[in-house]
2 protein chains.
Amino acid sequence: MHLMELKLSQTEENYIKAIYSIEVHTGKSVSTNKIAEKLKTKASSVSDMIKKLSDKKLVYYKKYQGTKLTSEGKSIAVKIVRKHRIWEVFLVNNLDYTWDEVHDLAEQLEHIKSNTLINKLEAYLNFPTHDPHGDPIPDKDGNIEHHKNIMLSSAKVGENCTVIGVKDSSSSFLKFLDNTKIKLGSQLKIISIEEFDNSMIIENNNSQKSISHQISKNLFVKKL
Amino acid sequence: MHLMELKLSQTEENYIKAIYSIEVHTGKSVSTNKIAEKLKTKASSVSDMIKKLSDKKLVYYKKYQGTKLTSEGKSIAVKIVRKHRIWEVFLVNNLDYTWDEVHDLAEQLEHIKSNTLINKLEAYLNFPTHDPHGDPIPDKDGNIEHHKNIMLSSAKVGENCTVIGVKDSSSSFLKFLDNTKIKLGSQLKIISIEEFDNSMIIENNNSQKSISHQISKNLFVKKL
DNA sequence: AATTATTTTTAGACTTGTCTAAATATTTAT
DNA sequence: ATAAATATTTAGACAAGTCTAAAAATAATT
């Protein structure tokens, strides 16, 4: 519906992405301070940029009332997210990066401008549905599956499930997962749950491990 | 020998690369106008930037005397070239781009900042020695094989050779090669040479084709 | 060698994105 | 409901990179 492809700077794209991610998490309109915090910049800079994005009809904006992406803005945001996640898949699956190493690199790669590159890359990777952190990859038209956020901690004894993502994607958490050999797609069976501290014994690759509640609360799973 | 990794902007990198490519072609010190022409900018802008690069000890510069890369500058240039060519290999070999489509994309990808990415990518691609245009890929330490520029036009009847590059990398020439099924690594046997116009009959994939002198002058080959 | 012509540099202005400090709105608390 | 605290916006300055127009240096011509 857009008459001409407007070209955004890397900075503009980063603002759009930040607004999108806050908007998705909170549902509400996004405050200037939140954006500043996310982008590690100052509120005054954000104010300036929001005006610019508003002029380009990428956000709705009334002074002092916070901001929200227009449908055009949202569509751009989703495209950036799509690029980011597809690149992450490539880095982890093909170049042997680990979960915790890829974010900064993907942050750069997502800004590569090309109409065809990301689609070719997606095909090369066999149309992955989730990135290495378990977040869903939007399709070519911007449709994105919102997964229902089932945590491992809510699973019952005897159930089987597949790991599809992590909630906490801090470097230390991801390293812990690497060490315990839990990764995307891992099949887990809940053997028992300790009432005292809610820790779980799970079976993974035919071996049993104990998982603290702290951990199970941060693992998204799909029940089988 | 450099005490700390200095970070260059994309623009600075482009200047370094431009100076390098002109310096390699001509051998002489590079004039402001030549750089301006290459980068499609104005001489005044070039003047400013050269001063900046000179402050950073990446070029030698005396007013009105042209400029030359220092060894530090040259090493940076070669690293960029390395990135550019490795990305081109990936785009053509793995994502099915054609020779003539990849330049602009590689121009973006070469600026991705990462100490590990390009080495991992190189390994993933099995350490290619040449890019899809036949230009040699510098190794991790910046060593670059200067190939001896043997043209197909200098081959004799009965000789066998492999295509390792093109001199003219215009889009129309690359398309012509695609159409005639000549690509990097193609094995060619010279069947005959027509004295009148120096056109050649060559054998490629068990089929014979006529190649004008204009074409054979622009194909780098390695004799077998 | 003196005069053109060309190349290169400087000076000043503009754009994008940033910042600090001050002014204005809004929200919270009393 | 008024004062205090917080959030947001404006104003003005700065850095990177670009440009035009004018000045200075080099090269070419006669």
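We name chains A, B, ... by the order of the sequence lines, and we start the count at 1 in each one. These numbers were taken from a predicted model, which means no experiment stands behind them.
- Rounded to whole Å, atom C1' of C:dT18 lies 16 Å from atom CD of A:Gln10.
- Spacing between atom NZ of A:Lys40 and atom P of C:dC19 amounts to 13 Å, rounded to whole angstrom units.
- Between B:Ser47 and the phosphate of C:dT8, there is no side-chain N or O to OP1/OP2 separation shorter than 4.0 Å.
- Side-chain atoms of B:Thr32 stay outside donor-acceptor range of the base of C:dT9, with no qualifying N/O pair under 3.5 Å.
- One can place CD of A:Glu12 at 10 Å from P of C:dT18, the figure rounded to the nearest angstrom.
- Computed from coordinates, the A:Lys34 NZ to D:dT6 C1' distance equals 13 Å when rounded to whole Å.
- For C:dT18, one of the phosphate oxygens OP1 or OP2 lies less than 4.0 angstrom from a side-chain nitrogen or oxygen of A:Tyr15.
- Atom C1' of nucleotide D:dT8 and atom CD of A:Glu37 are separated by 15 Å, given to the nearest angstrom.
- One side chain, B:Thr116 or A:Tyr97, offers a donor N or O that lies under 3.5 Å from an acceptor on the other.
- The distance between atom CE of A:Met49 and atom C1' of D:dT9, rounded to the nearest whole Å, is 16 Å.
- Not one side-chain nitrogen or oxygen of A:Lys63 sits closer than 4.0 Å to the OP1 or OP2 atom of C:dT26.
- A donor atom on one side chain and an acceptor atom on the other are found under 3.5 Å apart for A:His111 and A:Glu13.
- The shortest distance between the side-chain N/O atoms of A:Asn33 and the OP1/OP2 oxygens of D:dT6 is not below 4.0 Å.
- The side chain of A:Lys51 places an N or O atom within less than 4.0 Å of a non-bridging phosphate oxygen (OP1 or OP2) of D:dT10.
- One finds a side-chain N or O of A:Gln65 lying less than 4.0 angstrom from the OP1 or OP2 phosphate oxygen of C:dT26.
- With D:dT9, D:dT18, C:dC19 as the candidates, the nucleotide lying closest to the side chain of A:Tyr61 is D:dT9.
- Ionic pairing of A:Glu122 and A:Lys140 is not present here: no N-O contact between side-chain nitrogen and carboxylate oxygen is shorter than 4.0 angstrom.
- Between B:Lys42 atom NZ and D:dC19 atom P the separation is 6 Å, expressed in whole Å.
- The separation between B:Lys62 atom NZ and C:dT9 atom P is 13 Å, rounded to whole Å.
- Under the 3.5 Å distance criterion, with hydrogens and angles disregarded, a donor-acceptor pair is assigned to the side chains of A:Asp197 and A:Ser199.
- As judged by a 4.0 angstrom heavy-atom cut-off over every strand, A:Ser44 is placed among the base-contacting residues.
- Distances shorter than 4.0 Å separate some side-chain N or O of A:Thr41 from OP1 or OP2 on C:dC19.
- Counting only heavy atoms from C-beta on, B:Tyr64 has its side chain closest to D:dA25 among C:dA25, C:dT18, D:dA25.
- In this pair, B:Phe90 and B:Trp87 present their aromatic rings perpendicular. The plane angle is above 60°, beyond the 30 to 60° band.
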